[in-house]
Every structure is written in structure tokens, then in C-alpha cells.
Amino acid sequence: MNKLNAEIGSVYSIKTNSGFGFMQCVAKSEPRIDIVRVLKPILTESNDFNPEILEEKERYFIKIILVAASDMGLIKFIGCFDVPKSVKVPTKFRSLDYNPYKGWRKWYEIDERIHSRKQVTLLDKHFLSLSSYGVWNVALLKDRIESGWSLENWK
């Protein structure tokens, strides 16, 4: 890993109150912004990581700045492993605009390939499988892992 970018395939651990979560860098979104897959298992020790975990389906994908989080000691580099061929890096995401004062919620599907955003009114199975749009910080990721947050329940 160089100082400016995490390598594709890099795996990191994050310490939570539930144990250790793991994520793998699978693509670059923009300079310094990484797309990672958040892996399912929560283990009691980061040393318990086994590369076989990478073959399992991920919880979801997020964008995060791995190098900054690693430099601050918020996540720990585990190693670099091949990204499984079955992993499909998303190009479509979903986003929620919410106004608590006016009481409205608007969902959008974001297509990064063509830089488009369209409003969605029907939250079908496909839409609920889309990962969150935007860059996450480590505190949000830690909270989401600890709470068991999932795409299917984000409505």
C-alpha cells in the first residue's frame, strides 16, 4: 500500500463493541476514495481473520477513505488478497433525502457510470439491494456494524 491509495484487495479490520468487522477494498471511486465491501462475520479477534471469509457474500458496499482511517489508527491493515471473481462492484447506489420539518422522504437511485439520479417511489427488491451513496466515516461504519444495520431494513 502506498501513502495515497489503498491497493485493490486490501483487507482491514475495525474494532467494534461487538468484535472485529472486516472490509476489503474492491475499487476506486475517485482519487483517495475507495469502494469497499463490508464482510459479514464479526470475530472476537482481528487475528482470527481467515481469507476464506472473502468468499462469502458481503453485507453491503460503502465508500470510505481507507488511507486516512488507517493513518489515524481507526482501522488496521490485515493483508492484501485477491478479490473473488464473484464480487460485482456496484455502479448504482441509493440515497435518501429526508426533511423532518416537512415530513417528507425522497429516495433516489444514483448511477455513477452515467452520472444520473432518478427519484424512486417503489422500494422493490432490486432497489433495497443497492448500497448507500456517499462517503462514510469510520464512526458511521462502526455504528452500523454494531447495530446490525442492513440494506433490506433501510426503508
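Keep in mind that this is a model prediction, so the values were computed, not measured. Residue numbers start at 1 and run along the sequence shown.
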Practice problem: Kindly give the heavy-atom pair with the smallest separation between F81 and I78, and that separation in Å. | Solution: CE1-CG2, 4.5 Å

Quiz item: What residues, two or more places apart in sequence or in another chain, satisfy side-chain hydrogen bond (donor to acceptor under 3.5 Å, both in side chains) together with T44?
Solution: D48

Practice problem: Name all residues meeting the salt bridge (Lys or Arg N to Asp or Glu O under 4.0 Å) criterion together with K63; count only those two or more places apart in sequence or in a different chain, and write none if there are none. | Solution: E112

Quiz item: Which pairs pass ring pair (Phe, Tyr, Trp, His ring centres under 6.0 Å) with one or both residues in residues 114-133, sequence neighbours excluded?
Solution: W107-F127

Self-check item: Residues in side chain to side chain contact (heavy atoms under 4.5 Å, CB included) contact with S116, at least two apart in sequence or another chain
Solution: D111, I114

Quiz item: Under a 4.5 Å side-chain heavy-atom rule over Ile, Leu, Val, Met, Phe, Trp and Tyr, are V26 and M23 clustered together?
Solution: no

Quiz prompt | Euclidean distance, Q24 CD relative to F61 CZ, rounded to 0.5 Å | solution = 9.5 Å

Practice problem: Could you tell me which residues satisfy side chain to side chain contact (heavy atoms under 4.5 Å, CB included) with K118, sequence neighbours excluded, listed by chain and number? | Solution: E109

Quiz prompt | Residue pairs passing the salt bridge (Lys or Arg N to Asp or Glu O under 4.0 Å) test where at least one lies in residues 133-152, sequence neighbours excluded | solution = none

Practice problem: For D124, check side-chain hydrogen bond (donor to acceptor under 3.5 Å, both in side chains) against everything at least two apart and list the hits. | Solution: none

Quiz item: In terms of hydrophobic clusters joined by side-chain contacts under 4.5 Å, are W136 and V138 together?
Solution: yes

Practice problem: Look at the side-chain heavy atoms of Ile, Leu, Val, Met, Phe, Trp and Tyr, link any pair under 4.5 Å apart, and say whether I64 and I145 land in one connected group. | Solution: yes

Quiz item: So, R117 side chain and I110 main chain: donor-acceptor pair closer than 3.5 Å or not?
Solution: no

Self-check item: Heavy-atom side-chain contact between K28 and I35 under 4.5 Å
Solution: no

Quiz item: When clusters are formed by joining ILVMFWY residues with side-chain heavy atoms under 4.5 Å apart, either directly or through shared neighbours, do L66 and V83 land in the same one?
Solution: no

Practice problem: Measure the CG-CZ distance between L123 and R105 for me, rounded to the nearest 0.5 Å. | Solution: 8.5 Å

Quiz item: So how far is it from I65 CD1 to D34 CG, rounded to the nearest 0.5 Å?
Solution: 8.0 Å

Quiz prompt | Main-chain N/O of W149 paired with R59 side-chain donor or acceptor, under 3.5 Å | solution = no

Exercise. Return the set of residues passing side-chain hydrogen bond (donor to acceptor under 3.5 Å, both in side chains) with E58 (not counting sequence neighbours), or none when no residue passes.
Key: R37

Quiz item: Mind checking whether F77 and Y12 have parallel, tilted or perpendicular rings, split at 30° and 60°?
Solution: perpendicular

Quiz item: Looking at C80 and S10, what are the two nearest heavy atoms and their distance?
Solution: SG-N, 3.8 Å

Exercise. Determine, using the 4.5 Å side-chain heavy-atom cutoff (strictly less than), whether M72 and I75 are members of one ILVMFWY cluster.
Key: yes

Quiz item: CG of N99 to CH2 of W104: how many Å apart, nearest 0.5 Å?
Solution: 5.0 Å

Show me, pair by pair, the donor-acceptor contacts under 3.5 angstrom made by side chains of residues 86-97, not counting sequence neighbours?
from : atom 1 : to   : atom 2 : distance (Å)
T91  : OG1    : R113 : NE     : 3.4
R94  : NE     : L130 : O      : 2.9
R94  : NH1    : W154 : O      : 2.8
R94  : NH2    : L128 : O      : 2.9
R94  : NH2    : L151 : O      : 2.5

Extract all donor-acceptor atom pairs below 3.5 Å that involve side chains of residues 49-57 and protein atoms in other chains or at least two apart in sequence.
from : atom 1 : to  : atom 2 : distance (Å)
N50  : OD1    : E52 : N      : 2.9

Exercise. Look up atom CG in D82 and atom CD1 in I8, then write down how far apart they are to the nearest 0.5 Å.
Key: 12.0 Å

Quiz item: CD1/I42 to CD1/I14 distance, rounded to the nearest 0.5 angstrom?
Solution: 9.0 Å

